[in-house]
Amino acid sequence: MARIAGSKCRESFSELFNFYAPRLKSYMLRLGANDIEAEDLAQDVMVTVWRKAEQYDRNLASVSTWIFRVARNRRIDRLRRVTRPELDAEEPMLRPPEIEKPEDTINRVQIEQTVREELAKLPPDQLQLLQAAFYDGLSHSEIAEAYNLPLGTVKSRIRRAFDRLRGVLDEDNADA
């Protein structure tokens, strides 16, 4: 290792490679890598040993401990890359939402205000069922059971409430 670190001795590296590469491949296979991946990781580790030989300190670890630690870390890095796929910068879900235009904001606020006003005008039986459906997230069947009403009654009351709201919103859009 000292000759590799000091003068990039190819003969020393060749000896090191011949000794450790098969052992690294075997180690990677035991860690769960397939044959091709184990070979690739062993090669990658040995290239790292060549490039970073000067980082080896004999006072901290033996050569084999240092090389196998590099191998273990490289395997972990590969596994992380596989479990955390690369993100596509063009993915629409990763883009920030577009800034709403002022006129759209005003229109949305006006529609929300109209809906609130019209909800307040609904008969209590329709409003109660609408709230159960949209605020409580209940299905029509669950509402019928909770309020002890026939399913058809629940559906017709919700439909009438929608028709009323739709009519008012359509009028507002026609005026605009």
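Computed over heavy atoms, backbone and side chain alike; hydrogens, waters and symmetry mates excluded.
Rounded to the nearest 0.5 angstrom, Glu118 CD and Gln113 CD are separated by 10.5 Å. Separating the CD atom in Gln55 from the NZ atom in Lys52 is a distance of 5.5 Å, to the nearest 0.5 Å.
Other members of the hydrophobic cluster containing Phe13, listed by chain and number, are Met1, Ile4, Leu16, Phe17, Phe19, Tyr20, Leu24, Tyr27, Met28, Leu31, Leu41, Val45, Met46, Val49, Trp50, Tyr56, Val63, Trp66, Ile67, Phe68, Val70; membership follows side-chain contacts under 4.5 Å among ILVMFWY residues, whether direct or relayed. Val109 belongs to no hydrophobic cluster with other residues, because no ILVMFWY side-chain heavy atom falls under 4.5 Å from its own, directly or through intermediates.
Distance alone, capped at 3.5 Å, is enough to place a donor-acceptor pair between the Thr114 side chain and the Gln110 backbone. In this structure, Ser26 contributes its side chain and Pro22 its backbone to no donor-acceptor pair below 3.5 Å. Formation of a donor-acceptor pair under 3.5 Å by the Gln126 side chain with backbone atoms of Pro123 is not found in this model. Using modelled atom types, one side-chain atom of Asn34 and one backbone atom of Ile36 make a donor-acceptor pair closer than 3.5 Å.
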Arg157 and Thr153: side chain to side chain donor-acceptor pair (under 3.5 Å), yes or no, with the steps?
-> CA-CA 6 Å; Arg157 286 182 185 171; Thr153 302; 5.8 Å; no
Worked verdict on Arg108 versus Glu100 for salt bridge (Lys or Arg N to Asp or Glu O under 4.0 Å) = CA-CA 10 Å; Arg108 184 181 43 76; Glu100 192 174 37; 3.1 Å; yes
Going through the distances and angles, do Asp163 and Arg160 end up as a salt bridge (Lys or Arg N to Asp or Glu O under 4.0 Å)?
-> CA-CA 5 Å; Asp163 289 344; Arg160 276 185 282 173; over 6 Å; no
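Using a 3.5 Å distance cut-off with no hydrogens or angles, the side chains of Thr65 and Ser62 do pair a donor with an acceptor.
Scored by the salt bridge (Lys or Arg N to Asp or Glu O under 4.0 Å) test, Glu15 finds no partners at all (sequence neighbours excluded).
Other residues, nucleotides and ligands place no more than 12 heavy atoms under 6.0 Å from the CD atom of Glu11. For Glu54, the CD atom sits in a packed shell: over 12 heavy atoms of surrounding residues, nucleotides or ligands are nearer than 6.0 Å.
Hydrophobic cluster membership is shared by Phe134 and Leu122, with clusters built from Ile, Leu, Val, Met, Phe, Trp and Tyr side chains linked at under 4.5 angstrom.
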